Amino acid sequence: MRFSNLLFICIVTLGSSEFCSAGPLHAQCKVEWYFSLPCRSVYEALVTQIKKWRTVSTCAMGGEKCLYKSASVHFISAKHTTPVQKYVDDINFRLSSYGFFTHCHVSAMSVSETWYAVTDHGTNYCNLYNLMEGSGLTEAPGYKEITSDFLCTQRSSANCTVY
């Protein structure tokens, strides 16, 4: 199907092309992070944080900083389960070194396993960001985040203290 036909279908069925161009059609998030740290340090910080937030007890204060499972070397594959509804999101972090192995680029993605999930209140973004913040990497040298609402469902309205 050509793009113009798809756009026409979106306008006719939804009354606006905004929904069709607003971002992913499935609840998900893609983020790129850069650090002036070796990937080994980034990897260890993320895996340590995933292990800290493994159990439901870390949800006791509210929010969803809990129920993570993990990992393998230079590629972290994890899952996050929401404590109330028990929705499961698949999380991946791909780490690659640059700058003579002194810097790390992290390409991360979180995708809802619930096939019908279109919106998520920024949950998939928070799945990723909460691990970065919890591990202290948001304060690391050279920290830079690149993403957008187009790459992350409802990122601009995300409240990561809740999700």
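Fair warning: this is a prediction, and the values are worked out from it, not measured in the lab.
Side chains of Cys104 and Leu37 form no contact here, defined as non-hydrogen atoms less than 4.5 Å apart. Looking only at side-chain heavy atoms (C-beta outward), His80 and Lys65 stay at 4.5 Å or farther from each other. Looking at heavy atoms from C-beta onward, Leu128 lies in side-chain contact with Ile91 at the 4.5 angstrom threshold.
Distance NE2/His103 to OG/Ser96: 12.5 Å, rounded to 0.5 Å. Rounded to the nearest 0.5 Å, atoms CG (Leu95) and SG (Cys39) are 4.5 Å apart. The structure places CG of Asn130 at 10.0 Å from OG1 of Thr123, a figure rounded to the nearest 0.5 Å. To the nearest 0.5 Å, atom OG1 of residue Thr161 and atom CD of residue Glu133 are 9.5 Å apart. Here the CZ atom belonging to Arg40 is positioned 11.0 Å from the OG atom belonging to Ser97, to the nearest 0.5 angstrom.
Cation-pi geometry between Arg155 and Tyr125 is met: the NZ or CZ atom falls under 6.0 Å from the ring centre, inside 45° of the normal.
The two residues Asp120 and Ala27 have their closest heavy-atom pair at CB-CB, 3.8 Å. Of all heavy-atom pairs spanning Trp33 and Glu145, the tightest one is NE1-OE1, 3.2 Å. Of all non-hydrogen atoms in Ser112 and Asp89, the two that sit nearest each other are CA-OD1, 3.1 Å. Residues Cys66 and Thr55 share a closest heavy-atom pair of CB-O, 3.3 Å. Looking at every heavy atom in both residues, Gly122 comes nearest to Ala158 through CA-CB, 3.8 Å.
Follow the hydrophobic side-chain contacts under 4.5 Å out from Val111 and you never reach Ile76; the two are in separate clusters. Hydrophobic clustering, with ILVMFWY side chains joined whenever heavy atoms are under 4.5 angstrom apart, keeps Val31 apart from Met109. A continuous path of ILVMFWY side-chain contacts below 4.5 Å connects Tyr143 to Tyr43, so both sit in one hydrophobic cluster. By the rule that hydrophobic residues join a cluster once side-chain heavy atoms approach within less than 4.5 Å of another member, Phe35 and Tyr129 end up as members of one cluster. The cluster map of Ile, Leu, Val, Met, Phe, Trp and Tyr, joined by side-chain heavy atoms under 4.5 Å apart, puts Tyr68 and Leu137 in the same cluster.
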*asked:* With side chain to side chain contact (heavy atoms under 4.5 Å, CB included) as the criterion, how do Lys79 and Asp90 come out once you've worked through the C-alpha distance, each side chain's angles and the decisive distance to 0.1 Å?
replied: CA-CA 5 Å; Lys79 290 187 181 284; Asp90 295 320; 2.6 Å; yes
*How far apart are the C-alpha atoms of Val106 and Val42, what are their side-chain angles, what is the distance that settles it, and do they pass the side chain to side chain contact (heavy atoms under 4.5 Å, CB included) test?*
CA-CA 9 Å; Val106 177; Val42 174; 3.8 Å; yes
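In this structure, Ser135 contributes its side chain and Leu46 its backbone to no donor-acceptor pair below 3.5 Å. Using modelled atom types, no side-chain atom of Thr114 and backbone atom of Ala117 make a donor-acceptor pair closer than 3.5 Å. At least one donor-acceptor pair closer than 3.5 Å links the side chain of Asp149 to the backbone N or O of Ser156. Not a single donor-acceptor pair under 3.5 Å links the side chain of Thr48 to the backbone N or O of Ala45.
Remark: Lys144 does not engage Glu32 in a salt bridge, criterion side-chain N to carboxylate O under 4.0 Å.
Using bins of under 30°, 30° to 60° and over 60° for the plane-to-plane angle, the ring pair Tyr34/Tyr98 lands in the perpendicular bin.
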Identify every side-chain donor-acceptor pair in residues 81-88 under 3.5 Å, counting partners at least two apart or on other chains, and give the distances.
unit_1, atom_1, unit_2, atom_2, d
Thr82, OG1, Lys86, N, 3.1
Thr82, OG1, Tyr87, N, 2.9
Lys86, NZ, Pro83, O, 2.9

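No donor-acceptor contact under 3.5 angstrom links the side chains of Lys30 and Ser110, judged on distance only.
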